[in-house]
Amino acid sequence: MEQELLDLLVEHFQDRIAGSVKSDKRVEIFTSTSAIEDVLMYAKNVLGYIHLVHFSCVDWIEENEFELMYAIFSPKSKITIMSKVRVDRENPVAPNIDYIWRHANTFEREIREMFGIEFTGLIAEKEMILEDWIEMPPMRRDFDTAEYAKKTFFDRPGREDAQDVRETIIKRTGEELPEFSKKYSR
Amino acid sequence: MKQDRSTTLYLGPQHPGITGNMMIKLQLEGDTIVKATTHVGYLHRGFEKLIERRNWLQSFTILCRMCVPEPDPNEENYARAVEQIEGREVPERAKYIRVLVLELARLASLLLWYAGQPGSAGLYTMGQWSVGDRNYILDLFEELTGGRIYHMYIWPGGVRRDLPEGFGDRVLKVMDYLEKRWKDYDRLMFDNAIFQKRAKGVGIINPKKAREWGVVGPPLRGCGIKSDVRIDEPYEVYDKLDFQVPDMYKDGDVWSRALVRRFEFLQSISIVRQVIEKMPQGPVFNKIPNPHKWVVPKGDALVKTETVRGESAFYVVSDGSNKPRRVHLKGPAYIHGFTLLEDVLVGANLADVSFIMNSLGTCPPEMER
């Protein structure tokens with residue numbers, strides 16, 4: 001059944017999509033930002049994939065790309081299609097799909113704020129969770145959380161000399177750190 | 001100067017009627033809402049970012065805190081996602097224990113709803129009863145896992161330890177008690193004229209629009225649409241258990257949603273009894289590697305669970321290292337608390353805001369994570 005669905009999609013969109021059967025009840029397809037709206041509209045209106053289950057974003061910084069994942073579900077076939085789109089990290093723009101599913105608006109707002117991806121035509125308040133944020137979008141892999149915390153917050157009185165517990169123990173006892181814990185030490 | 005009859009009212013972030021720290025900006029004409037906008041950001045703890053810096057097992061302490069009233073589905077979801085990516089097997093007995101924990105968590109969460117829903121209409125006795133009864137379930141959790149609210153009991157490869165001696169009997173005793181109490185709840189809450197008047201015809205969701213708005217769980221079933229992840233995509237051992245999903249309440253209002261939950265309360269009790277009866281003997285976990293050296297192969301998984309409030313979905317991505325690349329939760333409140341709530345509140349009375357929020361199951365810790 002999953003293979004039939006995949007064949008149907010590939011037949012309709014030809015070389016605009018590629019995909020595979022991921023596992024039981026999961027079909028994975030790869031497409032582009034220019035085709036994703038057509039794929040989702042076709043899946044929803046013709047094939048009956050009427051429920052948007054999930055809409056997520058992953059930062060693949062090594063490949064200089066973001067990956068958007070749209071998961072859609074059909075109550076009839078009980079299959080979930082995971083459509084994946086790669087977006088350039090330097091100029092991240094993707095199409096807005098909140099006219100297909102109303103709640104996609106919330107996902108897009110969060111992804112815009114947390115990853116800095118612009119959705120063309122998205123009408124929503126700019127700020128969602130963060131307030132007066134001027135730094136890099138915080139869910140990007142190169143956002144340095146420790147550095148930001150150091151810059152923004154101050155130590156509680158009495159905590160200025162906050163030490164690394166492991167280092168302090170070594171200094172006091174002269175014990176060697178186990179190999180695995182070295183990378184967790186500052 | 002242009003005359004404007006409307007008033008702006010900020011409901012929250014600290015308000016007894018709101019289900020957590022969030023704010024709704026209401027535009028009112030008299031006491032009728034003409035526009036509602038959800039504002040979050042008061043409870044953002046950056047859990048998803050924190051998880052990226054922790055190893056696969058350390059994430060559990062964070063995951064369960066993503067939703068306070070119902071932490072167990074998150075643990076189960078994440079564990080199942082890791083198992084799917086790794087191809088790790090789970091013993092049969094562990095699957096039964098997982099369902100037992102999930103259903104007990106469902107009952108505990110339903111009992112909290114039994115307190116919140118009538119409580120927001122001014123019927124406070126119900127809350128005293130149901131929160132008191134919830135303690136019997138929390139006692140069971142304490143005995144089983146060591147924690148009352150957050151358990152970290154379900155993990156990849158099974159569950160942490162086996163059931164204590166005689167635990168099944170104690171569970172059954174609590175189930176018998178809750179079944180008896182269910183009739184008392186009916187008399188106090190559902191037979192109450194005030195509750196009926198407040199709930200009927202309020203907070204209506206259009207069944208034709210429900211799917212387009214992404215509605216899940218009791219609000220969707222309250223529109224007469226039969227949809228439940230436990231039936232649609234059975235996980236763990238739900239395909240071996242006998243239970244019903246209600247589709248007879250079709251009005252889409254608070255009253256329908258309340259009836260759906262009332263129905264599901266008994267179904268959960270029945271599932272717990274079946275689990276205790278059918279649970280096989282055997283091991284309860286497959287060994288996992290040393291957590292510090294545990295590397296999960298590159299891949300991703302999308303898993304779903306039916307929580308009390310509806311379908312919850314986890315997207316877990318591994319880049320082949322000892323830490324998750326991305327763990328993204330879409331809880332039911334993420335859908336119900338923003339676009340749906342904003343739509344449903346229009347035309348409602350100011351006094352019904354928290355009443356409607358309770359029926360939709362908005363949960364701010366899950367909305368911003």
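A, B, ... follow the sequence lines: proteins, then strands. Residue 1 opens every chain.
Of all heavy-atom pairs spanning I129(A) and E368(B), the tightest one is CD1-CB, 3.8 Å. Taking both residues in full, the closest heavy atoms of F143(A) and R53(B) are given as O-NH2, 3.7 Å, listed atom of the first, atom of the second, then distance. For V58(A) against R325(B), the heavy-atom pair with the smallest separation is CG1-CG, 4.0 Å.
For CD of E11(A), the number of neighbouring non-hydrogen atoms (other residues, nucleotides, ligands) closer than 6.0 Å is 12 at most.
Looking only at side-chain heavy atoms (C-beta outward), F55(A) and K330(B) stay at 4.5 Å or farther from each other. The side-chain heavy atoms of S56(A) and R326(B), taken from C-beta on, include a pair separated by under 4.5 Å. Counting heavy atoms from C-beta outward, T37(B) and E125(A) have side chains that approach closer than 4.5 Å. In this structure, E52(B) and M139(A) have side chains that are in contact, with non-hydrogen atoms separated by less than 4.5 Å.
Expressed to the nearest 0.5 Å, how far NE2 of H51(A) lies from CD of E212(B) amounts to 13.0 Å. Note that CD1 of I50(A) is 5.0 Å distant from CZ of R211(B), once rounded to the nearest 0.5 Å. Distance check: L329(B) CG to H54(A) NE2 gives 6.5 Å after rounding to the nearest 0.5 Å.
Residue D300(B) touches chain A through both its backbone and its side chain, counting heavy-atom pairs closer than 4.5 Å. Using a 4.5 Å cut-off between heavy atoms, D59(A) contacts chain B through its backbone alone, with no side-chain atom that close. With a 4.5 Å cut-off on non-hydrogen atoms, E48(B) touches chain A through its backbone and its side chain both. Interface remark: Y42(B) contributes no atoms to any contact with chain A (heavy atom separation under 4.5 Å). Proximity to chain B (any heavy atom under 4.5 Å) is shown, for E127(A), by neither the backbone nor the side chain. Only the side chain of V317(B) comes within less than 4.5 Å of a heavy atom in chain A; its backbone stays farther off.
At a heavy-atom separation below 4.5 angstrom, chain A is approached by D232(B), E233(B) within residues 228-240 of chain B. Interface residues of residues 69-89 of chain A toward chain B, defined by a heavy-atom distance below 4.5 Å and sorted by number: M69(A), A71(A), F73(A), P75(A), K78(A), T80(A), M82(A), K84(A). Chain A is approached within less than 4.5 Å, heavy atom to heavy atom, by G214(B), V216(B) from residues 214-223 of chain B, ordered by number. Heavy-atom proximity under 4.5 angstrom to chain B picks out I100(A), W101(A), R102(A), H103(A), N105(A), T106(A), F107(A), E110(A) from residues 93-110 of chain A.
Contact check on E62(A) versus K298(B) returns no salt bridge, with no Lys/Arg side-chain nitrogen under 4.0 Å from an Asp/Glu carboxylate oxygen.
For the set E67(A), R26(A), E131(A), K25(A), the count of heavy-atom pairs under 4.5 angstrom toward chain B peaks at R26(A).
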